[in-house]
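For reference, the structure discussed in these notes is given below.
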2 protein chains.
Amino acid sequence: MSKTLLYTWRMNEQNHIKIFTERDIGEQLRELGITPTQQRVQIAEILFARPQHLSADQILAVVNSNGPIASKATIYNTLGLFARKGLVREVIVDPNKVFYDSNTSEHHHFYNLDTGDLTDIVAQDVMITSLPELPGNTQPAGIDIIFRIRENDSE
Amino acid sequence: MSKTLLYTWRMNEQNHIKIFTERDIGEQLRELGITPTQQRVQIAEILFARPQHLSADQILAVVNSNGPIASKATIYNTLGLFARKGLVREVIVDPNKVFYDSNTSEHHHFYNLDTGDLTDIVAQDVMITSLPELPGNTQPAGIDIIFRIRENDSE
DNA sequence: CAGAGTTTTAGACAAAGTCTATTTGTCCAC
DNA sequence: GTGGACAAATAGACTTTGTCTAAAACTCTG
Ligand SMILES: [Mn+2]
Ligand SMILES: [Mn+2]
Ligand SMILES: [Zn+2]
Ligand SMILES: [Zn+2]
């Protein structure tokens with residue numbers, strides 16, 4: 001009944017990069033070919049403090065909470081750069097904003113439509129045993145599984 | 001190894017509504033408690049001509065291609081109404097726009113990052129055999145599975 | 001066919017994100 | 001260290017998608 005798996009969607013092998021300790025964020029960025037400017041280091045510190053999902057707006061607010069450090073353009077440039085380098089994952093679940101996920105290990109999401117909460121599901125808790133055939137001349141680039149949930153109408 | 005399924009994500013039982021034939025779109029809308037205005041009927045005719053994924057902008061362009069019939073506000077109002085009534089499904093795969101899917105049967109999507117093509121995958125071609133436990137006090141509202149793909153770099 | 005409620009509309013507005021031209025910072029050679 | 005080439009950051013204009021508002025146009029029922 002279950003199809004043969006013609007390809008795998010396990011993409012993120014870069015996850016080893018992310019055990020940033022306070023001191024060597026700069027070095028780690030440099031190893032990825034990213035010049036560690038003040039702005040990039042600050043954004044990285046916020047983002048990689050723990051696995052979390054932040055919007056560009058939230059990062060802008062946090063990074064500038066004690067005086068101006070980075071402009072909006074720099075936030076977007078940096079998040080785009082980090083995404084291309086595999087340091088963060090863009091999560092598209094809300095039509096209004098992109099979330100930047102500091103957890104790049106293979107995982108999925110619950111998205112609470114009532115609260116806006118986005119929470120991780122470890123990959124092992126979701127098992128796909130049958131995969132569709134890829135359209136001609138294409139290759140896998142990633143899989144997103146989003147379990148949309150709602151609060152119980154506790155009446 | 002596979003968990004017991006504590007709940008089901010099979011949500012869309014409304015799919016019987018959608019065999020719209022040219023003539024009785026109005027009646028069918030009325031049965032759903034939707035007053036069949038000229039604008040709503042035109043939008044429905046476009047959307048339900050076949051299973052497809054259209055953005056609000058595309059629908060606006062098509063509906064007004066031979067003279068002005070509906071305003072931008074009406075397009076958004078109508079799509080929102082149709083979504084609430086279960087006539088269309090909102091598909092969130094692109095950070096720039098929502099797609100309105102006239103296919104409300106249970107299915108998933110390929111999203112081609114290079115071309116922007118969004119194509120359907122019948123539910124039976126993707127089999128999930130293990131489900132995560134729901135966060136406390138929440139209920140399932142829908143599942144989205146998106147296989148992001150890219151064109152083969154045919155060198 | 002009146003009038004109450006519903007729907008549509010133009011255009012103002014908002015939010016997220018991009019772009020541009022200029023300034024500032026970084027890096028390396030000397 | 002200093003000059004200069006290149007990279008990065010910045011303010012703010014701009015774009016796109018979508019929402020809101022208040023007035024006008026419809027629809028439906030009595
Ligand atoms: Mn939006
Ligand atoms: Mn956008
Ligand atoms: Zn996550
Ligand atoms: Zn679809």
Side-chain angles (χ1 to χ4, degrees), chain A residues 25-47 53-64 67-85 87-88 90-101 113 116 118, chain B residues 25-27 29-46 53-64 67-85 87-88 90-101 113 116 118:
Chain A
I25 287 188
E27 255 177 71
Q28 306 236 26
L29 290 179
R30 192 160 261 132
E31 276 163 27
L32 284 167
I34 299 173
T35 306
T37 63
Q38 192 206 161
Q39 289 82 351
R40 287 168 176 173
V41 171
Q42 296 267 25
I43 293 168
E45 273 176 6
I46 291 162
L47 223 26
H53 310 98
L54 294 174
S55 65
D57 222 47
Q58 291 178 301
I59 294 166
L60 179 66
V62 175
V63 85
N64 289 332
I69 281 159
S71 70
K72 187 173 58 152
T74 298
I75 301 292
Y76 280 104
N77 287 344
T78 301
L79 291 172
L81 177 66
F82 284 6
R84 282 196 310 282
K85 296 288 186 176
L87 282 174
V88 292
E90 295 181 337
V91 181
I92 297 161
V93 286
D94 185 307
N96 294 314
K97 55 183 171 292
V98 172
F99 286 107
Y100 292 86
D101 194 341
L113 299 169
L118 187 61
Chain B
I25 287 190
E27 255 177 72
L29 290 179
R30 193 159 259 134
E31 276 163 29
L32 283 167
I34 299 172
T35 306
T37 63
Q38 193 207 159
Q39 289 83 349
R40 288 167 175 172
V41 170
Q42 296 267 25
I43 293 168
E45 273 176 5
I46 290 162
H53 310 97
L54 295 174
S55 66
D57 222 47
Q58 291 177 301
I59 294 166
L60 180 66
V62 175
V63 84
N64 290 331
I69 280 159
S71 69
K72 187 173 58 149
T74 297
I75 301 291
Y76 280 105
N77 287 344
T78 301
L79 291 172
L81 177 66
F82 284 6
R84 282 196 311 282
K85 296 287 187 180
L87 282 174
V88 293
E90 295 181 336
V91 181
I92 297 160
V93 286
D94 184 307
N96 294 315
K97 54 183 172 294
V98 172
F99 285 107
Y100 292 87
D101 192 342
L113 299 169
L118 186 61

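Residue numbers start from 1 in every chain, and the chains themselves are labelled A, B, ... in the order their sequence lines are given, proteins ahead of strands.
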Any pair with a residue in residues 30-42 of chain A that passes side chain to side chain donor-acceptor pair (under 3.5 Å), sequence neighbours left out, goes on the list, sorted by first then second residue, please.
-> none
N or O in side chain of B/T35 less than 4.0 angstrom from D/dT27 OP1/OP2 | no
Can you sort out the partners of B/Q58 under side-chain hydrogen bond (donor to acceptor under 3.5 Å, both in side chains), two or more places apart, ordered by chain and number?
-> B/S55
Chain B on DNA chain C: first and last contacting nucleotide, 5' to 3', under 4.0 Å to a heavy atom?
-> C/dT7 to C/dA12
How would you list, by chain and number, every residue that makes a salt bridge (Lys or Arg N to Asp or Glu O under 4.0 Å) with A/D94, sequence neighbours excluded?
-> A/K97
Under the side-chain contact (heavy atoms from CB on, under 4.5 Å) test, residues paired with B/V91 that sit two or more places apart | B/R89, B/V93, B/F99, B/D101, B/H109, B/L118
Is the backbone of A/L32 close enough, under 3.5 Å, to the side chain of A/K85 for a donor and an acceptor to pair up by distance?
-> yes
Answer whether the closest heavy-atom distance between the side chains of B/V62 and B/L54 falls below 4.5 Å.
-> no
Whole-Å distance separating the CZ atom of A/R30 from the C1' atom of D/dA7 = 13 Å
Check: A/L47 and A/L87 side chains under 4.5 Å, non-hydrogen atoms | no
After noting the C-alpha distance and the side-chain angles of B/Y76 and B/L60, does the key distance pass the side chain to side chain contact (heavy atoms under 4.5 Å, CB included) rule?
-> CA-CA 9 Å; B/Y76 280 105; B/L60 180 66; over 6 Å; no
Base-contact (B) and sugar-phosphate-only (S) positions in nucleotides 9-23 of chain D, heavy-atom cut-off under 4.0 Å, - elsewhere = SBB-B---SBBB---
